[in-house]
Amino acid sequence: MVQMDSSMARLSLSPHLPISGWKNRFMASLSHSSTVIIDGKAGSGKSTQIPQWAVEYSRREGNRGLVACTQSCRLSTVSLAIRVGEEMGEKVDFAIGQEQRGGSLKYCTDEWMMREMKMSPLLDEYSIVIIDQVNERSLTTDILIGLLKEILILRRDLRIVLMGSSIDCDKWVNYFGCYCPILSISSKSSLIIEYSPLTHKSLLDTAVDTVVFLHLTEKENRGGILLFLSTQEEVELARREIRRRVEGIESIPLHSDLPHDQLMRVHCPSNGRKCVVSTSIGETSIVFDGISFVIDGGFTSTSIYDPISRDESSQVISISKMTAKRRTERAEVRTIRLYSEDEFELMSEEEIPEIVRADPSRVEKIMDEMGMDGFDFFDRPAPTRWGIANY
Ligand SMILES: Nc1ncnc2c1ncn2[C@@H]1O[C@H](COP(=O)(O)OP(=O)(O)OP(=O)(O)O)[C@@H](O)[C@H]1O
């Protein structure tokens, strides 16, 4: 019988990823600059590898501070901590509510990190803070980065790493106004992109038709299908239709309300063809392998503030070109966009950041809680009582 020692077992958990050859450059960047920016497509290995290298760097420098890696959702926080703990062969913490345990690496939600900053404004316990999924431009992430920029003035030993997929690196460099190495993890791909606009059928029906079509015509390639829809309700409706119409497909839901054990289904091998039906969470927050085909519905659900009614509500809106690109990059072989090329050209370049479209009183409340009067925002929120004075 072949025995595997623990280092061999760990090695087999860290497959060759696009980021694998970048370790030395990452380490060198950390020693030369307080801020490092990493841009690479979903699945290149940023969230699993960079925090481990950061721990290694910290230990090599004799620094006893913790490494934190923030996530935009609770699901990815827990699943990454478990996965990376297995890869490292040591305990990795996760902090999503009040929980925290006590290793040298911690995955946490960005809300949790904000609370940590409230208790310890200079984050004295930490040596490296990694902000992941910067591309999502969530309200909390933007405020966190603004606060970290302030801390950097007082803590020259602190290191900040910003990571994301298709991010505007130059804008971030200008924002920090100092030398920031950019690591762009390139990915060569010979992906086919097809446009298949809707005709008389609804988006949901067309999406299910496309799943069935791919399953029946792509017989040589039994790889998985990833279908992007807008809401959890659409995800469940589409799954029901797929189950009703075709055999040999295991349809798996992916949205932010799933319990952790159900989420892990995306990482498990399947007997039939796997079809993951996902909201935008499958773009960059939760990544998994084996997806040959992507079907992009072209819409997303987001909360938007109406200054007239002073109400914030969830609305389904068209995605941006950048989001279309991120969705496309999740496929290994072929992407079918359920809209026309003209409709693609009409899409905005980027999604409007949450800080700009959110109820400004939410920003104000967070700033009040943090005891801040305002700071250098990456993108400015709508004016509020303190905002007008600061802009
Ligand atoms: N919990 C998990 N269980 C099993 N495999 C995982 C898990 N999390 C990530 N992986 C795998 O690890 C590899 C690298 O994923 P990783 O999350 O590091 O990519 P990434 O570049 O950070 O993507 P993103 O931009 O979406 O954060 C992928 O092949 C992915 O399928």
Side-chain angles (χ1 to χ4, degrees), residues 9-23 26 36-55 67 69-89 92-94 96 105 107-110 130-138 141 161-169 183-187 189 223-224 226 228 252 254 256 258-270 274 276 278-292 294 322-323 325-332:
R10 287 204 294 279
L11 205 62
S12 66
L13 277 169
S14 311
H16 188 81
L17 294 162
I19 207 166
S20 299
W22 288 76
K23 186 171 173 182
F26 172 68
V36 179
I37 297 172
I38 303 178
D39 188 12
K41 75 166 196 168
S44 50
K46 303 179 298 297
S47 317
T48 50
Q49 307 309 305
I50 292 291
Q52 301 187 50
W53 298 347
V55 169
V67 173
C69 177
T70 69
Q71 294 294 305
S72 56
C73 75
R74 297 161 78 97
L75 276 179
S76 56
T77 307
V78 177
S79 105
L80 280 166
I82 295 172
R83 167 73 183 185
V84 173
E86 285 165 1
E87 286 190 21
M88 290 175 81
V92 170
D93 293 344
F94 60 85
I96 50 176
L105 170 60
Y107 284 88
C108 58
T109 56
D110 41 20
I130 303 166
I131 309 287
D132 203 355
Q133 288 123 16
V134 170
N135 52 279
E136 290 183 16
R137 298 295 315 278
S138 79
T141 305
V161 181
L162 305 187
M163 312 198 291
S165 164
S166 305
I167 51 179
D168 189 344
C169 296
L183 274 52
S184 291
I185 319 299
S186 58
S187 48
S189 125
L226 173 57
F228 283 106
I252 300 172
L254 184 56
S256 52
L258 287 178
H260 181 255
D261 56 337
Q262 280 212 43
L263 165 76
M264 291 317 283
R265 283 179 67 196
V266 298
H267 293 293
C268 296
S270 162
K274 198 190 270 189
V276 179
S278 175
T279 59
S280 57
I281 195 173
E283 285 159 15
T284 55
S285 301
I286 307 285
V287 292
F288 39 92
D289 301 325
I291 295 301
S292 295
V294 161
M322 276 302 180
T323 300
K325 178 170 180 267
R326 288 182 198 111
R327 289 182 176 188
T328 297
E329 284 175 347
R330 297 287 288 107
E332 282 159 14

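FYI, side chains are in, hydrogens and waters are out, and symmetry mates aren't considered; it's all heavy atoms of this structure. Heads up: numbering here begins at 1 and tracks the sequence. Counting starts at 1 for both ligands and their atoms, following the listed order.
Interface atoms of ligand 1 facing A42, defined by a heavy-atom separation under 4.0 Å, are 23 (O), 24 (P), 25 (O), 26 (O). Within ligand 1, counting atoms from 1 as listed, the ones closer than 4.0 Å to a heavy atom of F288 are 31 (O). Near D289, meaning under 4.0 Å from any of its heavy atoms, are these atoms of ligand 1: 28 (C), 29 (O), 30 (C), 31 (O). The atoms of ligand 1 that sit less than 4.0 Å from any heavy atom of T284 are 24 (P), 26 (O), 27 (O).
Among the atoms of L80, none of the N or O lies under 3.5 angstrom from an N or O of ligand 1. For ligand 1, the polar-atom distance check against E283 finds no nitrogen or oxygen pair separated by under 3.5 Å. Between S165 and ligand 1, a contact under 3.5 Å exists for no N or O pair. Considering backbone and side-chain N/O atoms, L17 never comes within less than 3.5 Å of an N/O atom of ligand 1. Geometrically, ligand 1 and S47 share a nitrogen or oxygen pair separated by less than 3.5 Å.
A distance-only check finds no donor-acceptor pair linking the side chain of Q71 to the backbone of T109 [under 3.5 Å].
The proximity of K41 to ligand 1, defined as any non-hydrogen pair under 4.0 Å, is limited to the backbone. At a heavy-atom cutoff of 4.0 Å, ligand 1 is contacted by the side chain of R83 but not by its backbone.
K274 has its side chain out of reach of C268: every pair of non-hydrogen atoms, C-beta onward, lies at least 4.5 Å apart.
Using cut-offs of 30° and 60° for the angle between ring planes, the W53 and F26 rings count as tilted.
Cation-pi geometry between R83 and Y107 is not met: the NZ or CZ atom fails to fall both under 6.0 Å from the ring centre and inside 45° of the normal.
The line from OG of S166 to NZ of K325 is 3.0 Å long, rounded to the nearest 0.5 Å.
Under the 4.0 Å criterion applied to side-chain N and carboxylate O atoms, E283 and R327 are assigned as salt-bridge partners.
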Exercise for the section: Show your reasoning for whether side-chain hydrogen bond (donor to acceptor under 3.5 Å, both in side chains) applies to E136 and S285. Expected result: CA-CA 9 Å; E136 290 183 16; S285 301; 2.8 Å; yes
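Smallest separation of non-hydrogen atoms from D39 and S165: OD1-C, 3.5 Å.
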